[in-house]
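Data block below; observations after.
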Amino acid sequence: MSFGNLPSFFLNFSECEMNGEEKHFYKFKSFRLDVKERQLLHHSDNIPLTPKVFDVLVALVERSGHLVEKDELLKLVWADSFVEEVNIARSVHALRKVLGEDENGNKFIETVAKKGYRFVAKVTKVSEAVLPQAGGAGEMINDELGMMNESQLALNSSFIIPNSSLETNLPAVNPKQNTRIILFAVGFLSAVFLLVLLSFNFRSDSVTNPNKAKSIAILPVQPLTAENRDVIYEFGIADSLNLKLGAAKNLIVRPLSATRKYADITQDAIAAGKEMQVDYVLASNYQIAAGKIRVTSQLFNVATGQIEETYKNEKETSNIFAAQDAIAGEVGNIILARFAMTENSPVAKRGTTNEEAYRLYLLGKNLTMQRSVEDKQKAIEYLEQAIRLDPNFARGYAGLAFAYKDPEKAKAAVEKALELDNNLSEAYAVRGSINLFKVWGDFPQAEKDLLRAIELDPNNDLAHWLYGLLRGYQRRFDEAIREIETASAISPGTVQYIHARARILYYARRYDEAIVQYKRVLETDEDFVAAQNQLWMSYEMNGDYAMAYEIFIKQREKDENLEEYKKAYAAAGWQGMVRKHFELHQVNENEPGTNFYSIARQCAMLGEKEQAFAYLNKAFEKRQYQMVFMYAEPRFDSLRDDPRFDELVRRVGLK
């Protein structure tokens, strides 16, 4: 085979057809979607998409013009994975960045609030005949690569591997092209040599510099096939490895709360590593057969994209916990030895010897951080089942306390958790959250609990997040931002932490920075209603009423009062529209669940001081959790010189 023939081969390869069947694809605007070849083309340019983003696009395009609900997308694209709903929002956001807008400024994908998405561009399904050709592409590439593997490269003047029969079937190359190919080949080999050298040097550095802190993410373990998946292996082994490696000096391990969202069976390990901003990712798969579990783990270097180590384990499945711990122990010890690290603190305990209780606990924890009512209720059901199976499962009670909406139930569950294990970091963090949101008034105890949680586990991102919020509500903004940034460093990309930072910046009157952060939240999850509200309020407080109005109206495109808002703005500007919003809220004042705190904020902005205090007192009487925000809220600045405001702040417990 001649290197001079390689360019022609690759050009021809792209034009070869695999068979003589009819081929289907979709066209919309200047794009072409080829489902079989898994290609999205813009004109003639191939647009790279991750597998799941591509699948979401296919699902929307094939149902163009129709609403595709989020549950349907989860079933279509993530049927075999334990993933959060936010994965859909991320995928749609990625598609919008790729597709952009058409020449008339129209978007391709429409969001149907709280429901799902609709592909709104006109789609045409096209069929074309594919003519068979002699020597299919698969045969050609196999022949070429086979000869490259079996032959030794001869560096002579024509740079040819002798094989005259193949050369006669490929196009001839002129001398100038041959020269270019020789130069290309020499450059290519030099580049390969350099990459090998750099890889060796990087690997050497990781071993010879043991004191340099490194970060690693342990992804949920993936099944080789989708059948008979088991959460106890997928999250349980990752959990055990986290506990093992988390006790090592100079090794920063991303918590399971950060990695659980990467449970997709086709997850790209390097992409996950970049999102979590780690040096290494451990990605594993498992297979169960004949009473044994076989686990293969690969250690990825995120910077180079290379697999540096591969570990294989096989254990009996008769005792799931024993197998899980043995695998985590062996792989963990190899990783620690590789980085010349040792454990410097006791390894945390799983908390139960009941396998089914642990399985239910993992399922419940996966749903706890979801924002939908249905997911939270399902989480409670799983966790209640877990503690029924093991009444001494402290982590189960702590998880249940965090999931409960009822403050009395939450308090009882967390006290039980601490009774069973008074050194459980997550239980102190949860008790802190209860005192912060559900039974506000005891902020000193909340602070004490959150600091204890951080002392027991410095990598408890939940505790850092909650402590940051507490400091923000107390107007200690620098401390608040520092704690939120610590939580984000432990669990990068977590939308709740991005939102918390935006909120603190808003409270600190740093509106330009807050606006940037709120936009980041909505890029990740465009249905995050709190961020939508706070974005237009940030524009309002910054004096940009035109943008505040634009965001406000966009958020209420389906609102029955939309036309009234527009008329009010046209007649009296932003202030007129705010008054209209206030009037419409007053109509619902006597309905259960009325947010009196929100109405008080509107009164303050309208200069209705007495009404603002009246509604704040109603919010206090109803024990509405939003009252913890009042001391920091910029919209109440007009009330701060009134002694009644200080008195309310003290009654809430913020002063």
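From a predicted model like this one, the values you see are computed outputs, not experimental measurements. For reference, positions follow the sequence shown, starting with 1.
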inquiry  = For Val414 versus Ala427, what's the shortest heavy-atom pair and its separation?
reply    = CG2-O, 3.3 Å
query = Does the pair Lys580 and Glu583 meet the rule for a salt bridge (charged side-chain N to carboxylate O under 4.0 Å, His left out), with working shown?
reply = CA-CA 5 Å; Lys580 175 58 67 177; Glu583 290 170 1; 3.5 Å; yes
request  = Quick one: pull up CG in Leu505 and CD1 in Ile481 and give me the separation to the nearest 0.5 Å.
outcome  = 4.5 Å
Euclidean distance, His93 NE2 relative to Leu95 CG, rounded to 0.5 Å = 10.5 Å
ask   = Aromatic rings Tyr565 and Phe552: how do their planes relate, parallel, tilted or perpendicular, breaks at 30° and 60°?
value = perpendicular
task = Answer with yes or no whether the side chains of Gln445 and Asp449 bring together a donor and an acceptor at under 3.5 Å.
result = yes
request  = Given side chain to side chain contact (heavy atoms under 4.5 Å, CB included), test Val281 with Ile216 step by step and report yes or no.
outcome  = CA-CA 5 Å; Val281 170; Ile216 188 170; over 6 Å; no
key: Taking every non-hydrogen atom, the tightest pair across His499 and Ala530   = NE2-CB, 4.1 Å
ask   = So Tyr597 and Leu616, side chain to side chain contact (heavy atoms under 4.5 Å, CB included) or not? Walk me through it.
value = CA-CA 6 Å; Tyr597 175 85; Leu616 279 174; 4.1 Å; yes
task = Could you label the plane-to-plane angle of the Phe31 and His42 rings as parallel, tilted or perpendicular, counting under 30° as parallel and over 60° as perpendicular?
result = tilted
ask   = Can you name the residues that form a side chain to side chain contact (heavy atoms under 4.5 Å, CB included) with Ala612, not counting sequence neighbours?
value = Cys603, Ala604, Leu639
Inter-residue atom distance Met541.CE - Met537.CE, 0.5 Å rounding = 10.0 Å
task = Just do the side chain to side chain contact (heavy atoms under 4.5 Å, CB included) check on Arg579 and Glu608 with the steps written out, would you?
result = CA-CA 11 Å; Arg579 183 164 292 281; Glu608 305 286 352; 3.4 Å; yes
query = What's the shortest heavy-atom distance between Pro492 and Lys261, and which atoms?
reply = O-NZ, 3.9 Å
query = At their closest point, which heavy atom of Ser638 faces which heavy atom of Asp641, and how far apart are they?
reply = O-OD1, 3.7 Å
message = Distance check, rounded to the nearest 0.5 Å: Glu483 atom CD versus Glu485 atom CD?
response = 10.0 Å
inquiry  = Would the distance check show the side chain of Ser491 and the main-chain N or O of Ala487 forming a donor-acceptor pair, the cut-off being under 3.5 Å?
reply    = no
task = Please list, chain by chain and in numerical order, all residues satisfying side-chain hydrogen bond (donor to acceptor under 3.5 Å, both in side chains) with Gln474, sequence neighbours excluded.
result = Arg471
request  = Taking the six-membered ring for Trp and the full ring for Phe, Tyr or His, determine whether the centres of Tyr545 and Tyr569 are under 6.0 Å apart.
outcome  = no
request  = For Gln267 and Tyr262, test the side chains for any donor-to-acceptor distance below 3.5 angstrom and give the result as yes or no.
outcome  = no
task = Output the distance between atom CG (Leu99) and atom CD1 (Ile109), rounded to the nearest 0.5 Å.
result = 5.5 Å
message = Looking at Ser215, is its backbone amide N or carbonyl O close enough to the side chain of Asp279 to form a donor-acceptor pair, meaning the two atoms are under 3.5 Å apart?
response = yes
inquiry  = How close do Asn46 and Leu40 get, counting heavy atoms only, and between which atoms?
reply    = OD1-O, 3.3 Å
remark   = When rounded to the nearest 0.5 Å, the distance separating OH of Tyr473 from CZ of Arg503 is 5.0 Å
query = With a 6.0 Å cut-off on ring centres, are Phe119 and Phe28 close enough?
reply = yes
query = Just by modelled atom types, is the Arg635 backbone N or O under 3.5 Å from a matching donor or acceptor in the Glu633 side chain?
reply = yes
query = Do Arg254 side-chain atoms and Met276 backbone N/O form a donor-acceptor pair below 3.5 Å?
reply = yes
task = If the plane angle is over 60° it's perpendicular, under 30° parallel, otherwise tilted; pick one for Trp465 and Tyr497.
result = tilted
query = Closest heavy-atom contact between Tyr511 and Tyr506?
reply = CE2-O, 3.6 Å
Charged tip of Arg601 within 45° of Phe629 ring normal and under 6.0 Å = no
